[in-house]
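Let me begin by presenting the structure, written as structure tokens, before commenting on it.
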Amino acid sequence: MTAASSYRPPVEDYAFLFCEAFGADLLARSTGGAMTASDGTDVMAAAGGFAASVLAPLETVGDQVGARLVDGSVRLPDGFAEAYRQFVAAGWVTAEAPESAGGDGLPGVMHAALGEVWNASNAAFALCWALTQGQILALDAVASPEVRETYLTKLVSGRWTGTMNLTEPDAGTDLGAIRTTATPRGDGTWSIRGQKIFITWGDHDVAENIVHLVLARTPDAPEGARGLSLFVAPRILVNDDGTLGERNAITTVAIEHKLGIHGSPTCQLAYDDATGYLVGEVNGGLAGMFVMMNAERAAMAFQATGISDRAYQQACAYAAQRVQGPVIGRPAGAPIAEHPDVRRLLLSMSSRIFAMRALGVHVADLLDRAEADGTGPLGELFVPILKGWATEEALSITSDAIQVHGGMGFIEETGVAQHYRDARIMPIYEGTTAIQANDLVGRKVIRDEGATAGVLFQQMMGTAARLTESGDERAREVGARLAMAVGQAETATGKVVGFAASPRDAYAVSVPYLTLLGVLAGGWMHALAVQAALAHGTRSEVDAARLRSADFYTAHQLPRVQALAQTVAYGEIV
Ligand SMILES: Cc1cc2nc3c(=O)[nH]c(=O)nc-3n(C[C@H](O)[C@H](O)[C@H](O)COP(=O)(O)OP(=O)(O)OC[C@H]3O[C@@H](n4cnc5c(N)ncnc54)[C@H](O)[C@@H]3O)c2cc1C
């Protein structure tokens, strides 16, 4: 079996993002001083150490042995249950859960940072964490006191894990087509019948119990998504005194054989008169499920950053030791990392990863401050951009990591191919890129006639202006490129808003438009980093690297905005 590659958590980058890049100590600002950027960096370093030493070594066995269905129950490879036990014992589940649910209430900015390290070290394992955290948020928002007492407390303690059950054979993107039924039994419980497919961590042996959050249709419910209600259905029923009782009537019919994330069991579950408990209002199920789905969308962006960084680290290590022929302009024996094109590949990867990481932190910060500072609409605008753009970028970044390895990248033993395979699902689950893009153009841009996007463009122009007025030539260049791209994005946004009366035009170009805004936001993140680096006065090596990365990104990535703006103007494909 391949040895798992080592993992170095990006603690310095997060320290910079927590307190410098955005001109404030984000943690102090969102916690009212209860926590500072320095505390956040300490937490991040501890999580990184745990991820590197406990989770990363299991990544290869997760891929090569994977989850298996044995006698009707899912078994994870050796080591997963023990890693989960340590994860819980170290307090990582409770740390992120909101205080209202009994957790430690780390702010969303920390969730972004931790989400990256869990996913970089072991994306299959991290899915269990992501789903449990998302379900905690949903139950905290809408569950009754009884459901909170019985289920939420156990989820927050990490003793039980959570899943989301939406998809059925005929209901993927279209949730309105869900056919699973829930019938009242008259004793406060509901009988759930139907088949759910693709349920991540739907069955496993790493925790005592599994709490399924299930969308189902009650008798006489209206057609479509308006007729969906939400239920919790535990794998093992819970007695009145809180102890575990009999198995619920939920059978693991099969687990999927997938392209990647083999360590994450993806289950087909049959509900055959299974016992469920209503969460929220009858026919109001989507509201609660959307709390979870929005959390998962952001979590998938952190997954994209994490998997990309792991692939990048592996590519760097390989390129630094592989020698192949003379390198133009370098002494004999220079490794391939010195070839101009390999440098291009590596800088392309690292500059995009920084853009994704920084945008993840910025969006989390906007959402953290939504109530206090009214930053909610900007945060909401960004969620589909972040999920759609970052997960698509991860496909290209992990592919570049293979390219750096040459033929060895295509060979499984190197281990880098796993990241490419693992990444491929990210633009599909939690709403495909098209669904993110349709949400963006329909609900976030056309609905307010581009007003929120306009606020964003103003902020970007402000950053660009500060750079173009700076005394540093490279920074001025970065600012000028950003300003030009913002102008192109404004034109594209005008086109999208102009498609209000012809939605087929808008939806035909929604993905290019989402990509445009993602690439642009990445450029803005680099510009902010340059601004913070310039403020240091004397330039350290790290500052110089930030400037080089921004210069590269704005020269190699930002020009895509112009091409995408032209595509957006094209409208429907006829
Ligand atoms: C590994 C894995 C894990 C998963 N985990 C879970 C889970 O834990 N819980 C769960 O409930 N589900 C889960 N899913 C299901 C996943 O969310 C769906 O696969 C996804 O939502 C897409 O649905 P679909 O596969 O039916 O594709 P379809 O909906 O059939 O889509 C096929 C294509 O059509 C496009 N399309 C469909 N509708 C539209 C539209 N309105 N506008 C534009 N384009 C459209 C899509 O973008 C896509 O390109 C998982 C899937 C996988 C593979």
Side-chain angles (χ1 to χ4, degrees), residues 62-63 66-67 74 119 123-124 126-135 138 161-180 194-204 210-216 224-225 228 230-231 233 250 252 254-269 271 285-286 288-290 292-297 299-300 303 307 384 387-388 391-392 395 421-443 503-514 572-573:
D63 184 52
V74 172
N119 277 292
L127 281 164
C128 181
W129 155 84
L131 287 157
T132 302
Q133 293 296 338
Q135 194 184 103
T161 67
T163 72
M164 63 195 300
N165 285 228
L166 296 83
T167 307
E168 299 177 5
D170 292 323
T173 298
D174 180 13
L175 298 179
I178 284 176
R179 288 279 155 262
T180 295
Q195 196 177 37
K196 295 289 181 182
I197 62 168
F198 293 157
I199 304 308
T200 299
W201 284 86
D203 190 9
H204 60 78
I210 303 168
V211 185
H212 300 295
L213 198 57
V214 187
L215 277 179
L228 294 174
L230 195 58
F231 299 86
I250 306 170
T252 307
I255 58 172
E256 308 297 352
H257 302 282
K258 309 189 295 283
L259 180 64
I261 51 165
H262 296 149
S264 165
T266 308
C267 304
Q268 286 183 34
L269 300 179
Y271 288 77
L286 268 194
M289 196 49 118
F290 258 100
M292 181 162 185
M293 277 161 67
N294 279 333
E296 302 311 333
R297 284 175 179 181
M300 292 312 108
Q303 184 174 70
I307 294 180
K387 197 277 181 184
T391 59
E392 295 278 356
L395 304 188
R421 289 186 287 97
D422 283 354
R424 190 59 191 88
I425 182 60
M426 293 187 296
I428 297 173
Y429 57 20
E430 302 311 337
T432 61
T433 308
I435 296 312
Q436 308 303 324
N438 291 355
D439 175 42
L440 173 69
V441 300
R443 289 198 199 91
R504 283 195 68 84
D505 283 315
Y507 291 150
V509 296
S510 61
V511 169
Y513 180 65
L514 177 149
E572 188 184 358
I573 303 135

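Order of appearance sets the numbers: ligands from 1, and atoms from 1 within every ligand. Throughout, numbering of the chain's residues begins at 1 and tracks the sequence. Side-chain atoms are counted along with the backbone in the values below, which use heavy atoms only and exclude waters and symmetry mates.
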Contacts under 3.5 angstrom, residues 166-177 side chains, donor-acceptor by atom type, not counting sequence neighbours:
from: Glu168; atom 1: OE1; to: Arg179; atom 2: N; distance (Å): 2.7
from: Glu168; atom 1: OE2; to: Arg179; atom 2: N; distance (Å): 3.4
from: Glu168; atom 1: OE2; to: Thr180; atom 2: N; distance (Å): 3.1
from: Glu168; atom 1: OE2; to: Thr180; atom 2: OG1; distance (Å): 2.6
from: Glu168; atom 1: OE2; to: Lys196; atom 2: NZ; distance (Å): 2.9
from: Asp174; atom 1: OD1; to: Gly176; atom 2: N; distance (Å): 3.2

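Residue contacts with ligand 1 for Leu131 are absent, since no atom lies close enough (heavy atoms, distance under 4.0 Å). Residue Lys258 touches ligand 1 through its side chain alone, judged by heavy-atom distances below 4.0 Å.
For atom 23 (O) of ligand 1, a protein non-hydrogen atom is found at a distance below 4.0 Å. There is a protein heavy atom less than 4.0 angstrom from atom 8 (O) of ligand 1. For atom 44 (N) of ligand 1, the protein comes within 4.0 Å by at least one heavy atom. Under the 4.0 angstrom criterion, atom 53 (C) of ligand 1 counts as having a protein heavy-atom contact. Counting protein heavy atoms under 4.0 angstrom from atom 33 (C) of ligand 1 gives zero. At a distance under 4.0 Å, a protein heavy atom can be found next to atom 26 (O) of ligand 1.
Checked by distance only, ligand 1 and Thr200 come closer than 3.5 Å through their nitrogen or oxygen atoms. For the pair Met164 and ligand 1, the shortest N or O to N or O distance falls below 3.5 Å. Where the criterion is an N or O separation shorter than 3.5 Å, residue side chain and backbone included, Tyr429 fails it with respect to ligand 1. Here's the thing with Thr432: one of its N/O atoms is less than 3.5 angstrom from an N/O atom of ligand 1. Inclusion of Thr266 in the set of residues having an N or O under 3.5 Å from an N or O of ligand 1 is not warranted.
With sequence neighbours excluded, no residue forms a ring pair (Phe, Tyr, Trp, His ring centres under 6.0 Å) with His262.
By the 4.0 Å heavy-atom criterion, Thr163 is excluded from the residues contacting ligand 1. Remark: distances from the non-hydrogen atoms of Ile435 to ligand 1 include one below 4.0 Å.
For atom 42 (N) of ligand 1, the nearest non-hydrogen atom of the protein is Asn438 ND2, 3.3 Å.
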